[in-house]
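Since the structure comes first, as structure tokens, the remarks are kept for the end.
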Amino acid sequence: MGRRNSLFSGSEGGAESWAILASLVNTAKLHELDPQAYLADVLERILSGQTKSHQLHELLAWNWKAARQRTAQAAA
């Protein structure tokens, strides 16, 4: 389904956006994360200004997952 949908991206810019989104979703899946929860949290942190531009490395899937696990362990 993914490849077929990407054929109809509309333009080169649309294809690039599709590739970025597909990469983010598949990276989240690779790290056993819920892609929707991951992307929603990352976008919220960026838009709200909670994460500054020099802290963007914290939003990478593997760092985000580790931070979530530390938070869950601290709460338990």
Side-chain angles (χ1 to χ4, degrees):
M1 183 172 147
R3 286 186 196 163
R4 185 167 291 173
N5 286 340
S6 64
L7 291 174
F8 302 103
S9 57
S11 67
E12 187 174 333
E16 186 174 340
S17 296
W18 176 262
I20 292 168
L21 181 61
S23 177
L24 289 170
V25 168
N26 286 319
T27 300
K29 288 180 183 179
L30 178 68
H31 291 283
E32 299 174 349
L33 298 171
D34 175 20
Q36 184 176 2
Y38 169 67
L39 290 174
D41 185 58
V42 167
L43 291 173
E44 177 62 33
R45 288 179 187 217
I46 291 171
L47 293 175
S48 70
Q50 185 179 1
T51 302
K52 305 298 181 206
S53 62
H54 65 278
Q55 299 171 315
L56 290 177
H57 66 279
E58 296 173 4
L59 301 178
L60 295 172
W62 48 91
N63 293 337
W64 187 86
K65 182 178 180 179
R68 285 285 177 142
Q69 289 173 341
R70 284 192 303 270
T71 303
Q73 289 175 351

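Here the side chains of Glu32 and Lys65 are in contact, with some heavy-atom distance below 4.5 Å. Looking at heavy atoms from C-beta onward, Asp41 lies in side-chain contact with Arg68 at the 4.5 angstrom threshold. A heavy-atom distance below 4.5 Å is found between the side chains of Leu21 and Leu39.
Taking the six-membered ring where tryptophan is involved, the planes of Trp62 and His31 are tilted, since the angle between them lies from 30° to 60°.
Formation of a donor-acceptor pair under 3.5 Å by the Tyr38 side chain with backbone atoms of Leu59 is found in this model. Counting only distance, with no hydrogens or angles, the side chain of Ser23 and the backbone of Ala19 share no donor-acceptor pair below 3.5 Å.
Considering every non-hydrogen atom in both Ala28 and Pro35, the closest pair reads CB-CA, 3.9 Å. Of all the heavy atoms in Ala61 and Leu33, the pair that sits closest is O-CD1, 3.8 Å.
With sequence neighbours left out, Asp34 forms a salt bridge (Lys or Arg N to Asp or Glu O under 4.0 Å) with no residue at all.
By the neighbour-count criterion of 12 heavy atoms within 6.0 Å, atom CD of Gln55 is densely surrounded, having more than that number from other residues, nucleotides or ligands.
If you take CD on Glu58 and NZ on Lys52, they are separated by 12.0 Å, rounding to the nearest 0.5 Å. Rounding to the nearest 0.5 Å places CZ of Arg45 at 11.5 Å from CG of Leu43.
In the hydrophobic clustering of ILVMFWY residues, with side-chain heavy atoms under 4.5 Å counting as a link, Leu24 and Trp64 come out together. Hydrophobic clustering keeps Leu47 apart from Leu56 (ILVMFWY residues linked when any side-chain heavy atoms are closer than 4.5 Å, directly or through intermediates).
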